[in-house]
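Report on the structure given below.
Side-chain atoms are counted along with the backbone in the values below, which use heavy atoms only and exclude waters and symmetry mates. Positions are given from 1 along the sequence.
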Amino acid sequence: MKTIRVETENATILLTEVPEPKVRDRQTGEIAKDAVSGEALMKVGVVYIDEGESSLLHVTVPESGVSEGLTLGAPVSLPGLIARPWESVFNGQQRHGIAFRAAAVAPGAVPAGVGA
């Protein structure tokens with residue numbers, strides 16, 4: 001599956017939803033696990049702002065990559081952020097989208113020159 005590296009160096013990324021376990025199966029409540037390590041996965045909501053445009057994203061991170069000190073509305077960093085296009089058929093309907101994954105989520109800083 002193709003992955004696309006997402007440039008974060010000059011972007012502002014703000015936390016919009018606190019990390020919570022990523023649910024694999026809503027009916028059973030099963031928590032999603034990393035296919036390689038078996039580690040529980042977390043979902044975090046952010047707004048990604050770059051060159052005057054913004055996007056709301058849900059990003060998956062391993063549980064061990066969630067740092068202490070995260071505050072809603074505050075800048076965060078997402079090292080190793082990638083985007084992965086996906087397609088599937090659900091109830092006979094063709095669906096597609098982009099899944100985002102990062103190695104971690106940590107308190108960050110607003111890039112120099114932003115908001116100046």
Between E20 and V18, is there a side-chain heavy-atom distance shorter than 4.5 Å?
no

Side-chain heavy atoms of K43 within contact of P19, under 4.5 Å:
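The answer is no, as the side chains (C-beta and beyond) never meet within the 4.5 Å cut-off.
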
Separation of [Y] [atom2] from [X] [atom1] (nearest 0.5 Å):
X   : Y   : atom1 : atom2 : value
L81 : L57 : CG    : CG    : 7.5 Å
R95 : E87 : CZ    : CD    : 12.5 Å
S88 : Q94 : OG    : CD    : 7.0 Å
I31 : K22 : CD1   : NZ    : 11.0 Å

Check: [X] side chain, [Y] main-chain N or O, donor-acceptor pair, under 3.5 Å:
X   : Y   : result
S54 : I49 : no
D25 : Q27 : yes
E7  : E9  : yes

[X] versus [Y], closest heavy-atom pair with distance:
X   : Y    : value
P85 : K2   : CD-O, 3.5 Å
T8  : L78  : CG2-O, 4.4 Å
A83 : I98  : CB-CG2, 3.6 Å
P79 : A102 : O-CB, 3.6 Å

Show, in sequence, the C-alpha distance, side-chain angles and deciding distance for V76 and V46, and conclude whether the side chain to side chain contact (heavy atoms under 4.5 Å, CB included) test is met.
CA-CA 8 Å; V76 294; V46 299; 4.1 Å; yes

Under a single-linkage definition using a 4.5 Å side-chain heavy-atom cutoff for Ile, Leu, Val, Met, Phe, Trp and Tyr, are L15 and V59 assigned to the same hydrophobic cluster?
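Per the 4.5 Å side-chain linkage, L15 and V59 are co-clustered.
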
Treating Ile, Leu, Val, Met, Phe, Trp and Tyr as nodes and any side-chain heavy-atom pair under 4.5 angstrom as an edge, say whether V44 and L41 lie in one connected cluster.
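Not linked; separate clusters.
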
N/O donor-acceptor pairs under 3.5 Å from side chains in residues 63-74, not counting sequence neighbours:
| unit_1 | atom_1 | unit_2 | atom_2 | d |
| --- | --- | --- | --- | --- |
| S64 | OG | E39 | OE1 | 3.3 |
| S64 | OG | E39 | OE2 | 2.7 |
| S67 | OG | V105 | O | 3.3 |

Between Y48 and L56, does a side chain to side chain contact (heavy atoms under 4.5 Å, CB included) hold up when you go through it step by step?
CA-CA 6 Å; Y48 177 95; L56 290 171; over 6 Å; no

Tell me, yes or no, whether the heavy-atom count around E53 atom CD, taken from other residues, nucleotides or ligands under 6.0 Å, exceeds 12.
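Open.
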
Do NZ/NE/NH1/NH2 and the carboxylate oxygens of D34 and R101 come within less than 4.0 Å?
yes

